[in-house]
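One structure is given here, and the rest of the page talks about it.
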Number of protein chains: 2
Amino acid sequence: MIAELEVFAALADPTRWGLLDQLADRREATATVLATGLPVTRQAVVKHLAVLERAGLVTARREGREMRYAVRAERLNETARWMAAAARRWDDRLATIKHLAESAPTTDNQPPAP
Amino acid sequence: MIAELEVFAALADPTRWGLLDQLADRREATATVLATGLPVTRQAVVKHLAVLERAGLVTARREGREMRYAVRAERLNETARWMAAAARRWDDRLATIKHLAESAPTTDNQPPAP
DNA sequence: AGAATGTGCAACCCCAGAGTTGCACATTCT
DNA sequence: AGAATGTGCAACTCTGGGGTTGCACATTCT
């Protein structure tokens, strides 16, 4: 469905935030290095990074025998704006039906304020 | 850990977006009504609404024999701002270490500038 | 070339969560 | 009071995701 679902799913895990946090400090790091800073296996880290990459929150680039990952702050920002827009649309819709309810008298069957 | 995790987890499911969508149009609705607009049971809807409520994205209020749910756009907005702030912090940190890397010549083990 | 180091793949375990069904209880309607 | 309608609770199934281990393959170092 919506592409943002992958972002939300990616952000719904504490371990992944740990990874993003490390990447924000290290600028670039391999799965092996990142794993040392977390209570999980390298393999687990690799899977998490795959999820983050699919969501666009991280980029991977090969450098010789190692894979270096970097955080993509823009993607987070993008999603934040997307959410703000969604929130605004909700408000608009709610305001609209509120107006309708006020102009059209009988919600069920109440006469409007005199 | 972070309270926002619950929000992200809540938003990572398409069915729940369906519920939020309906609530944005109906302003208020019961689980029974919402279920008719979705391909799942009322019970499933109830569980989803519970998740959304714990995350603060929805409010529940009892009205006689029925439970009416309403969407809370502010919560979404709040989270959006939180994310934007996080993105900004990432950028700042990345900029900082970039500066460090530039001022200190060789990436590895050079004595600091005299 | 051989040892080290780093990735990648596959099989497997385990549990939280999405969903269902069945039934009891509360409230409203007639 | 009795029928309808709406919630709430509990037990159960089943798939996906987080995590692990073991091993094969690639690249770098000496």
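What you see below is based on every heavy atom in this structure, not just the backbone, and it leaves out hydrogens, waters and symmetry mates. Predicted, not measured: the structure shown is a model, and the values here were computed from it. In what follows, chains are A, B, ... by sequence order, proteins preceding strands, each numbered from 1.
- Below the 3.5 angstrom threshold, one finds a donor paired with an acceptor across the side chain of Arg42(A) and the base of dG8(C).
- The pair Asp21(B)-Arg89(A) does not count as a salt bridge, with every side-chain nitrogen at least 4.0 angstrom from each carboxylate oxygen.
- Taking CD of Glu6(B) as the reference point, atom CG of Leu57(B) lies at 10.0 Å (rounded to 0.5 Å).
- One finds no side-chain N or O of His48(A) lying less than 4.0 angstrom from the OP1 or OP2 phosphate oxygen of dG17(D).
- Distance from the side chain of Gln43(A) is smallest for dC9(C) among the nucleotides dG19(D), dA10(D), dC9(C).
- Rounded to whole Å, atom C1' of dG17(C) lies 16 Å from atom CG of Leu5(B).
- Dashed line: the shortest gap from a side-chain N or O of Thr30(B) to OP1 or OP2 of dT5(D) is not under 4.0 Å.
- Atom CD of Gln22(B) and atom CG of Leu34(B) lie 5.0 Å apart (nearest 0.5 Å).
- Atoms CD (Glu53(A)) and C1' (dG8(C)) sit 14 Å apart, rounded to a whole Å.
- Glu28(A) pairs by the side-chain contact (heavy atoms from CB on, under 4.5 Å) definition with Arg61(A), Arg68(A), Ala70(A), not counting sequence neighbours.
- For Lys47(A) and dG17(D), a side-chain-to-base donor-acceptor distance below 3.5 Å is absent, hydrogens and geometry of angles not being considered.
- Taking a cutoff of 4.0 Å between a charged side-chain nitrogen and a carboxylate oxygen, Glu78(A) and Arg81(A) do not qualify as a salt bridge.
- At whole-Å resolution of the value, CG in Leu52(B) and P in dG17(C) are 14 Å apart.
- For Thr15(A), a side-chain nitrogen or oxygen approaches OP1 or OP2 of dG19(D) to under 4.0 Å.
- In DNA chain D, the stems built from three or more successive Watson-Crick or G-U pairs (distances below 3.5 Å) are C:1-30 with D:1-30.
- Atom CD of Glu28(A) is separated from atom C1' of dG6(C) by 16 Å (rounded to the nearest Å).
- Near DNA chain C, defined here as any heavy-atom distance below 4.0 Å, the residues from residues 60-70 of chain B are Gly64(B), Arg65(B), listed numerically.
- Of the possible donor and acceptor atoms, one in the side chain of Thr30(A) sits under 3.5 Å from a partner among the backbone N and O of Val33(A).
- Here the side chain of Arg72(A) pairs no donor or acceptor atom with the backbone of Thr59(A) at under 3.5 angstrom.
- Trp90(B) and Trp17(A) have tilted rings, their planes meeting at an angle from 30° to 60° on a 0 to 90° scale.
- Residues Leu19(B) and Tyr69(B) form no side-chain contact, since every pair of their non-hydrogen atoms from C-beta on lies 4.5 Å or further apart.
- Residue Leu49(A) contributes atom CG, which lies 12 Å from atom P of dG19(D) at whole-angstrom precision.
- Remark: P of dA16(C) and CD of Glu6(B) are 15 Å apart, rounded to the nearest angstrom.
- As rounded to whole Å, 11 Å separates atom C1' of dG19(C) from atom CG of Asp13(B).
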